[in-house]
Amino acid sequence: MPISLYNSLTRRTEPFVPADPARVTMYLCGPTVYNYVHIGNARGPVVFDVLVRLLHRHYPQVVYARNITDVDDKINTAAQQQGVPIGTITERFARAYREDMAGLGVTPPDIEPHATAHIGPIIAMIENLLQSGHAYVAEGHVLFDVGSFPAYGELSGRDPDELIAGSRVEVAPYKRSPGDFVLWKPSTPELPGWDSPWSHGRPGWHIECSAMSAAHLGETIDIHAGGIDLLFPHHENEIAQSTCAHGGKVFARWWMHNGMLTFDGRKMSKSLGNVLLVHELLKQHPAEALRLRLLSGHYRQPLDWSDGAIAQATSTLDGWYRVLRDMADVELTTPLPIPERMEAALCDDLNTPQALAELSVLADAARQSGSAEAKAALLGGGALLGLLQQAPEAWFRRGESAIDEAHIEDLLQQRRAARAARDFARADAIRDELTALGIAIEDSAQGTRWSVLSS
RNA sequence: GGCCAGGUGGCAGAGUGGUCAUGCAGCGGCCUGCAAAGCCGCGUACGCCGGUUCGAUUCCGACCUUGGCCUCCA
């Protein structure tokens, strides 16, 4: 089944054909690690995790890199405020990031390059750009000369001239042209820095991705992904640097951008302050419900975040896990199948909402047939999206560890006795008691089941 | 101001030139001691105005409106 992906560069959905089918390469712009990430930051990693899983089913080798930006002015600020070296900050939040992503069921990337571990390649790339006339030195800075790259603006559809006219930022006096951007900037003695031919300094924001992508994946890669807010200037600048440093070679063949997560109708962003940290959300809600919510809209569309949406996702998963719980005794066929209609939806530019609709069909089929094949299809379909990955009992426990199961079983036993004696008032009183404990019960032919009520 | 993407039923959210999205919630019924779950059924959704068409939510144009980027940002 061929994969089609929307390419931001051509603004069309095109059949995906890797340059080398034996080795598909993909790079995702990762976090700057100076704080916990918010749920909007997690959308890209989650949807592109689904893409990587899809690519793995179609190609023998997929090399997936997701960087860690561990040198940056915000990191410097945080380190100075707390009076610690930047490494203390970056290591702490890089670890938190890995934990948060793991919590959301994101498979770790094959490579997680760190900017500070690539200062050599970064300096080499800057030297290359200077020698080829695409960059210039000014007051200890090295700047990219946008005018030297005629294709500048192609990705974002911007005209460099109009860009300058509409520029809202104050233009640094050492820039030849307002659109020029920093490749290297000098550091003061208090700030982290590395020796270079131009100054004791540090890399600009955009150059690290270009250098690390080339170092690990090659000069031309198949897919470069990130949030739509990175389209300009970050990705535009990456294209300019990499293309010029590599003698005009194409940098990324596909550019993919996920839409923004909104909250109260506005983009969730640190500068607006309307953020919900993944770290906190994972404590309050089932992780799979968060993941399901992130996948319930098409990745290129904006997606609104709300408590109601999380509750809805939780209810949906309740239904699917209920099917699996009822089928606990059904032996699985292995390996799990790849449901064709779900795969087709994902092959169509990662249409996760359509895939989820198909997953609902599979859940209905499993509930109605009770067959091993249907159960395997449901689990196989869930696996395509990284959902239904836990035991049903664990899901219905909601991760609560402080449950007095013996007490619950005791109450259920008393209720059973009351019902047998047709003392329904007593039976209902016990149910009320369980409800007060946050426990929901269901009578069925197989006996009474209980689960933890959603908060 | 420039560039870009949206406006679908109570909510979320796909999709399509002409019977069906799907999920959540709601309502009626069956079942149940009662709940819950399950099953059956129900609701005349596509911003507005024109145009093309036998027929448009889907194509074209105008308008209204929301949001994103142009500065750090997933």
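Order of the sequence lines sets the chain letters (A, B, ...), proteins ahead of strands, with each chain counted from 1.
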> Take A/D229 and A/D364, find for each the nucleotide of RNA chain B with the closest heavy atom, and name the residue whose nucleotide sits nearer the 5' end.
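The residue mapped nearer the 5' terminus is A/D364.
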> Using atom C1' in both nucleotides, what's the gap between B/U65 and B/C27 to the nearest angstrom?
33 Å
> Could you list the protein-to-nucleotides 19-21 of chain B atom pairs, N/O on both sides, closer than 3.5 Å?
none

> Base, sugar-phosphate alone, or nothing: which one does A/L231 contact when heavy atoms must sit under 4.0 Å apart?
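No contact.
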> Give A/S306 one of three labels, base, sugar-phosphate or nothing, depending on what nucleic acid heavy atoms sit under 4.0 Å from its own.
nothing
> Look at all strands and tell whether A/G226 reaches a base, only sugar-phosphate, or nothing, counting heavy atoms closer than 4.0 Å.
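Sugar-phosphate contact only.
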> Could you work out the separation of B/U66 and B/C31 based on their C1' atoms and round it to a whole Å?
47 Å
> Between B/A36 and B/G68, how many Å separate the two C1' atoms, rounded to a whole number?
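It comes out at 44 Å once rounded to the nearest Å.
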> Would you kindly give the CG-to-P distance between A/L434 and B/A36, to the nearest whole Å?
16 Å
> What residue pairs, at least two apart or across chains, pass salt bridge (Lys or Arg N to Asp or Glu O under 4.0 Å) with a residue in residues 99-113 of chain A?
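Qualifying pairs, neighbours excluded: A/R98-A/E112.
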> For A/H235 and A/H206, test the side chains for any donor-to-acceptor distance below 3.5 angstrom and give the result as yes or no.
no
> Base, sugar-phosphate or nothing for A/G319? Non-hydrogen atoms, less than 4.0 Å.
nothing
> Applying a 4.0 Å non-hydrogen cut-off, can you work out what A/Q368 is touching in the nucleic acid: base, sugar-phosphate, or nothing?
sugar-phosphate
> For A/D304, which contact category applies under a 4.0 Å heavy-atom criterion: base, sugar-phosphate, or nothing?
sugar-phosphate
> State which residues pass ring pair (Phe, Tyr, Trp, His ring centres under 6.0 Å) with A/H279; sequence neighbours excluded, sorted by chain then number.
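By the ring pair (Phe, Tyr, Trp, His ring centres under 6.0 Å) rule, A/H279 matches A/Y36.
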> Would you say A/R158 reaches B/C4's phosphate, i.e. side-chain N/O to OP1/OP2 under 4.0 Å?
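For B/C4, neither OP1 nor OP2 has a side-chain N or O of A/R158 closer than 4.0 Å.
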> Parallel under 30°, tilted from 30 to 60°, perpendicular over 60°: which one fits the rings of A/Y152 and A/F149?
perpendicular
> I'd like to know if A/E442 and A/R325 make a salt bridge, using a cut-off of under 4.0 Å between side-chain N and carboxylate O.
yes
> Quick one: which residue pairs count as a ring pair (Phe, Tyr, Trp, His ring centres under 6.0 Å) with a foot in residues 338-358 of chain A, not counting sequence neighbours?
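Pairs touching residues 338-358 of chain A that pass the test: none.
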> Any side-chain N or O of A/K270 under 4.0 Å from OP1/OP2 of B/A74?
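For B/A74, OP1/OP2 do have a side-chain N/O of A/K270 under 4.0 Å.
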> Taking for each residue the nucleotide of RNA chain B with the nearest heavy atom, is it A/G259 or A/L356 whose nucleotide lies nearer the 5' end?
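Nearest nucleotide further toward 5': that of A/L356.
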> Calculate the interatomic distance between A/R300 atom CZ and B/G7 atom P; express it in whole Å.
13 Å
> Looking at A/K267 and A/D229, does any basic side-chain N land under 4.0 Å from a carboxylate oxygen?
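Salt bridge present between A/K267 and A/D229.
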> Provide the distance between the two C1' atoms, one in B/U19 and one in B/C4, to the nearest whole Å.
37 Å
> Ring pair (Phe, Tyr, Trp, His ring centres under 6.0 Å) with A/W320: which residues, sequence neighbours excluded?
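Ring pair (Phe, Tyr, Trp, His ring centres under 6.0 Å) list for A/W320, sorted by chain: empty.
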> Pairs of donor and acceptor atoms involving the side chains of residues 358-367 of chain A, under 3.5 Å and at least two apart or interchain, shall be tabulated with distances.
| residue | atom | partner | partner atom | Å |
| --- | --- | --- | --- | --- |
| A/E358 | OE1 | A/R341 | NE | 3.1 |
| A/E358 | OE2 | A/Q354 | NE2 | 3.2 |
| A/D364 | OD1 | A/R367 | NH2 | 2.3 |

> Which part of the nucleic acid, if any, lies within reach of A/G227 when heavy atoms closer than 4.0 Å are counted: base, sugar-phosphate only, or nothing?
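The answer is sugar-phosphate, as A/G227 gets under 4.0 Å only of primed atoms, P, OP1 or OP2.
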> A/R422 has an atom CZ; how far is it from atom C1' of B/C34, in whole Å?
11 Å
> Between P on B/A74 and OH on A/Y34, what's the gap in Å once rounded to a whole number?
7 Å
> Under 4.0 Å between a Lys/Arg side-chain N and an Asp/Glu carboxylate O for A/R397 and A/E405?
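Looking at A/E405 together with A/R397, the answer is yes, because their closest N to O distance falls below 4.0 Å.
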> Hey, does A/R325 reach any base, or is it just sugar-phosphate, or nothing, if we go heavy atoms under 4.0 Å?
nothing
> Would you measure the distance from the C1' atom in B/C60 across to the matching atom in B/U71 and give it in whole Å?
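Each nucleotide's C1' atom is 37 Å from the other's.
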> Toss me the dot-bracket line for RNA chain B: Watson-Crick and G-U wobble, both under 3.5 Å, 5' to 3', using | for pairs to another strand and [ ] for crossers.
(((((((..(((.....[...))).(((((.......)))))....(.(((..]....))).))))))))....
> Of the options B/G68, B/G33, B/A12, whose atoms approach the side-chain atoms of A/I228 most closely?
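Given the options B/G68, B/G33, B/A12, the side chain of A/I228 is closest to B/G68.
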> Considering only residues two or more places apart or on different chains, which pairs with a residue in residues 369-378 of chain A satisfy side-chain hydrogen bond (donor to acceptor under 3.5 Å, both in side chains)?
A/S369-A/S371
> Indicate the ring-plane relationship of A/F144 and A/F181, choosing parallel, tilted or perpendicular according to the 30° and 60° boundaries.
parallel
> Checking contacts here: which listed nucleotide (B/G33, B/C34, B/G23) is nearest the side-chain heavy atoms of A/D443?
B/C34
> Take atom CG of A/L346 and atom P of B/A14, then tell me their distance rounded to the nearest Å.
14 Å
> Checking all strands, does A/L261 fall into the base, sugar-phosphate, or nothing category for heavy-atom contacts under 4.0 angstrom?
base
> In this structure, how many angstroms lie between the P atom of B/C4 and the OH atom of A/Y6, rounded?
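For the pair A/Y6 OH and B/C4 P, the rounded distance is 11 Å.
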> Listed by chain and number, what are the side-chain contact (heavy atoms from CB on, under 4.5 Å) partners of A/A440, not counting sequence neighbours?
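Scan of A/A440 (side-chain contact (heavy atoms from CB on, under 4.5 Å), adjacent residues dropped) gives A/S451, A/L453.
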> When you compare B/G61 with B/U52, how far apart are their C1' atoms, in angstrom units rounded to a whole number?
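Comparing C1' positions in B/G61 and B/U52 gives a spacing of 11 Å.
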> If I pick the P atom on B/G43 and the same atom on B/C54, what distance separates them, to the nearest angstrom?
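To the nearest whole Å, 32 Å.
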> Would you say A/Q301 reaches B/A5's phosphate, i.e. side-chain N/O to OP1/OP2 under 4.0 Å?
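Result: no.
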> Keeping to residues at least two apart or across chains, list the salt bridge (Lys or Arg N to Asp or Glu O under 4.0 Å) pairs with something in residues 201-213 of chain A.
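Every pair satisfying salt bridge (Lys or Arg N to Asp or Glu O under 4.0 Å) with a residue in residues 201-213 of chain A: A/D73-A/R202.
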> Measure the distance from CG on A/L272 to P on B/G67 and round it to the nearest whole Å.
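It is 11 Å, rounded to the nearest whole Å.
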> Decide if atom CD of A/E154 counts as having more than 12 heavy atoms of other residues, nucleotides or ligands within a radius under 6.0 Å.
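Result for CD/A/E154: open.
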> Distance between the C1' atoms of B/A25 and B/A12, in whole angstroms?
10 Å
> So what does A/N351 touch, heavy atoms closer than 4.0 Å: a base, only the sugar-phosphate, or nothing?
sugar-phosphate
> Scan A/H234 against the nucleic acid and name what it touches under 4.0 Å (heavy atoms): base, sugar-phosphate only, or nothing.
nothing
> Over how many whole Å does the gap from A/R431 atom CZ to B/A36 atom P extend?
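Atom-to-atom, A/R431 to B/A36, this comes out as 9 Å.
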> Pairs in or reaching into residues 415-443 of chain A: which pass ring pair (Phe, Tyr, Trp, His ring centres under 6.0 Å), with residues at least two apart or in two chains?
none
> Students often get this wrong, so: under 4.0 angstrom with heavy atoms, is A/R419 touching a base, only sugar-phosphate, or nothing?
base
> Can you figure out which of B/U22, B/C69, B/A25 approaches the side chain of A/K267 most closely?
B/C69
> For RNA chain B, determine which residues of residues 94-103 of chain A have any heavy atom closer than 4.0 angstrom to one of its atoms, and list them numerically.
none
> Base, sugar-phosphate or nothing for A/L359? Non-hydrogen atoms, less than 4.0 Å.
nothing
> If you compare every side-chain N and O of A/R322 against the phosphate oxygens of B/A36 (OP1, OP2), does one of them come in below 4.0 Å?
no
